[in-house]
> 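Starting off with a structure, shown below.
No hydrogens, no waters, no symmetry mates; every other heavy atom, side chains included, goes into these values. Below, chain A is the first sequence line, B the second, and so on; all start at residue 1.
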Number of protein chains: 2
Amino acid sequence: MKLDARKLKILQAIINDYIITAEPVGSRTVAKKYDLGVSSATIRNEMSDLEEMGYLEQPHTSAGRVPSDKGYRLYVDKLMKVRSLNDQEAEYIKELYKTKIMQLEQVIFNTAKVLSEITNYTSVALAPQLSKVTIRHIQLVPIDKEFALLVVVTSSGILKDTVIRVPDGIDGDFLNKVSNILNDKYRGKTFSEIDLKEVSKIKEVFARNQKFFNSLVDVLTHSLRAVQDKEVYLGGTANIFKLPEFQDIFKARSFLSLLEEKDLLYDVLASSQDDGVKVSIGAENHYDEFKECSIVTATYSLGDRVLGAIGIIGPTRMEYSRAVAVMDHMGKALSSYLTKLYG
Amino acid sequence: MKLDARKLKILQAIINDYIITAEPVGSRTVAKKYDLGVSSATIRNEMSDLEEMGYLEQPHTSAGRVPSDKGYRLYVDKLMKVRSLNDQEAEYIKELYKTKIMQLEQVIFNTAKVLSEITNYTSVALAPQLSKVTIRHIQLVPIDKEFALLVVVTSSGILKDTVIRVPDGIDGDFLNKVSNILNDKYRGKTFSEIDLKEVSKIKEVFARNQKFFNSLVDVLTHSLRAVQDKEVYLGGTANIFKLPEFQDIFKARSFLSLLEEKDLLYDVLASSQDDGVKVSIGAENHYDEFKECSIVTATYSLGDRVLGAIGIIGPTRMEYSRAVAVMDHMGKALSSYLTKLYG
DNA sequence: GTTAGCACTCTCCTTTATTGAGTGCTAAAA
DNA sequence: TTTTAGCACTCAATAAAGGAGAGTGCTAAC
């Protein structure tokens, strides 16, 4: 069977309608609302063909048709026209990145927030992945008698800092000495290659202050853990309730629990690390839990190095054209902001 | 009418039962399940009295009784026995505070998380309120050629740090000079008293580097904003769906939207700044939105200075005895952790 | 003061129609 | 050969009706 122009038109009409109404679309609706110049009976026949070809599905015998994942895929790849953002939205995003000083985490968090506000879907954002990044500089900075700061500058300019307590009798010179040793040893390595206990040199220096050494080990292991913590930020989790497909309390609940599984979200986002916007529709998602959702992701980078990804999660009945437009814009805006600031 | 011992016993029985079953409790249930030695008819009469006195309510004529806010209040104040935590729970909390090094925000965040896991309610935690705290030390620390760190140590030992970029040609000496000026000017002041633009001295120093000055102003204003940001951490937002009273999608949704109103949560938590555990039942809450919820809060402190509050939000049909026990324990554990670490 | 008994109320659940949107098929029209 | 009109049929959703069950309040006896 051939997928001729009329079939495509009908498919597009059905998808458009379904995205708006969330109700199965019948032949009569298509005939009336979309001016295709043929009768409902003809459309009925075509719809039957489209179902046979796998682009449409029927919830039950006497209902209209609903697009299948395959149908959406065709729509996303060939049929839809990606609109660009309207002025208001673009302005809103611009506003977000106007403040020049933000902690990196804050930037990502706010990005997720705005993303969910603009799209009305749930948004996710992956924190920059330190595991991909090497250490450029480590410095222990004395703050006052009690505290010092452990600062790690990475190859992508991202900073990680942690406050640590220092015991009495440790002065700036000592901290400098330790900093130098750490630098010698770890510059150019990744976070996961840090293994403090191996450094015999450090042990020597710390011989007279074993407690501080232990504390330092704690800090560094913790930094390490933070890297593996797979930090994921969420936005607009309550948005899901606006959608008719999640009026069922059971679905809504399982969706929300899903969002609390950070590891899962991490995997989903991390899997889309090629540059640009990516759309995963329903069962295309590797995880069963998302088989009724679509996920649109975009990467963000610092310079030409991909740092992480942002995304939105909605029902397969998603406004793809808008979603793709927003993600594309947002990914680029975030990248350019980061590059300007830390690049 | 007098609230004699038998009435109290019956009230307690009803509340206990209702907390477990979430179903209106009838006279026959009380007679059968709780051995009070009287018939259901007698209990019926007593329940009628208790309703007249305002401790019970009837959803409709032919249903059992449900405790009123006033009933719960009596229960919390007089009737319930506060159990202490079981070993497992205590162990779990201990585990949480075993790691010695955490960013303060991380500590609070994790506390909220554990709180929701243990209680199965939604938890909230107020970040330490910097507005209550004075500045002890300000230091600009050079990291490398591009970056410096602005570190603020407060009177309670809490640190606030922000990475800033420094323009070329600014060296450590210069940063030190600026640090000293800032210290002279702001030591002992609160965050809200910072008004950089007033410092003529600083302007002089910066005369030759206006851009950096502006950037510094940005950073400090931003720190300021962060203080007013009213940071609130949430845990277990999906827990609400486990409760029968939130099976109604409409209620669940409005509850979740409520949780996104950080300002509101902030007010609720900030209002309970006296030391110790506080229980707000239903309409006792200042905000209408929470009139079907109960909130149990506890403060946490550093040394003897109250820094913030943590709390759990559930239905008025809450396991008060457990909730109070957990909050009491948790508040103390968090305080002692903070005090040990930063005190 | 307590209890048994009974009429009464109100929700919840199940069963039964009824409606309406939509399909698939057939036969006629283009 | 393609399109269309017509019609029987299907199925979900909604409404109406009829118990069943849990619980109360009242009365009269213990």
> Tell me whether the count of non-hydrogen atoms from other residues, nucleotides or ligands lying under 6.0 Å of NZ in B/K113 goes above 12.
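It does not: B/K113 NZ has 12 such atoms or fewer within range.
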> Between B/E57 and B/P67, what is the shortest heavy-atom contact and its length?
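Closest approach of B/E57 to B/P67: OE1-O, 4.5 Å.
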> Whole angstroms only, please: what is the CZ-P distance between B/R44 and C/dA7?
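Going from B/R44 (CZ) to C/dA7 (P), I get 15 Å.
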> Would you call the rings of B/Y320 and B/Y72 parallel, tilted or perpendicular, taking 30° and 60° as the class edges?
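Ring orientation of B/Y320 relative to B/Y72: tilted.
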> Which nucleotide in the set C/dT2, D/dC26, D/dC11 lies at the smallest distance from any side-chain heavy atom of B/R6?
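The listed nucleotide nearest to B/R6's side chain is C/dT2.
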> Checking B/Y287 against B/D267 for the side chain to side chain donor-acceptor pair (under 3.5 Å) test, could you report, in this order, the C-alpha distance in whole Å, the side-chain angles of both residues, the deciding distance, and whether it holds?
CA-CA 10 Å; B/Y287 292 92; B/D267 283 355; 2.8 Å; yes
> Report the nucleotide, chosen from C/dT9, D/dG23, D/dT4, that has the shortest atom-to-atom distance to any side-chain atom of B/T29.
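Comparing C/dT9, D/dG23, D/dT4 against the side chain of B/T29, the answer is D/dG23.
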> Any donor-acceptor pair under 3.5 Å linking the side-chain atoms of A/Y34 with those of A/N16?
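No, because no side-chain N or O of A/N16 sits under 3.5 Å from a partner of the opposite role on A/Y34.
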> Is B/T61 touching bases, backbone alone, or none of the nucleic acid, heavy atoms closer than 4.0 Å?
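If one applies the 4.0 Å heavy-atom cut-off, B/T61 turns out to touch the sugar-phosphate alone, with no base involved.
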> Report which part of the nucleic acid A/S40 touches: base, sugar-phosphate, or nothing (heavy-atom distance under 4.0 Å, all strands).
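The answer is nothing, as A/S40 stays clear of every strand by at least 4.0 Å.
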> Looking at the side chain of A/H60, which of D/dG25, D/dA12, C/dT23 is the nearest nucleotide?
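Looking only at side-chain atoms, A/H60 lies closest to D/dA12.
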> Specify the separation, in whole Å, of atom CG of B/L36 and atom P of C/dT2.
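In whole Å, C/dT2 P and B/L36 CG are 12 Å from each other.
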> Using atom CD of B/E23 as one end and atom C1' of D/dG21 as the other, report the distance to the nearest whole Å.
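Result: 13 Å.
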> Measure the distance from CD on A/Q58 to C1' on D/dC9 and round it to the nearest whole Å.
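In whole Å, D/dC9 C1' and A/Q58 CD are 13 Å from each other.
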> For A/D17 and C/dA21, give me the distance from atom CG to atom P, rounded to whole Å.
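Result: 15 Å.
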> Whole angstrom is fine here: how far is it from CD in A/E51 over to C1' in C/dG22?
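Result: 13 Å.
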> Measuring to OP1 and OP2 of D/dT24, would you say a side-chain N or O of B/R65 lies under 4.0 angstrom away?
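Yes, within the criterion.
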> If you check every side-chain atom of A/S62, which of D/dT10, D/dA5, D/dC26 has the closest atom?
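For A/S62, the side-chain atoms sit closest to D/dT10.
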> What integer distance in Å separates B/I10:CD1 from C/dG1:C1'?
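From B/I10 CD1 to C/dG1 C1': 13 Å.
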> For B/A41, report the nucleic acid contact type (base, sugar-phosphate, nothing); a contact means any heavy atom under 4.0 Å.
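B/A41: base contact, heavy atoms under 4.0 Å.
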> Where the side chain of A/S39 is defined as all heavy atoms beyond and including C-beta, which of C/dT23, D/dT4, C/dG5 is the nearest nucleotide?
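Ranking C/dT23, D/dT4, C/dG5 by closest atom to the A/S39 side chain puts D/dT4 first.
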> Specify the separation, in whole Å, of atom NZ of B/K33 and atom P of D/dG23.
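Roughly 10 Å, once rounded to whole Å.
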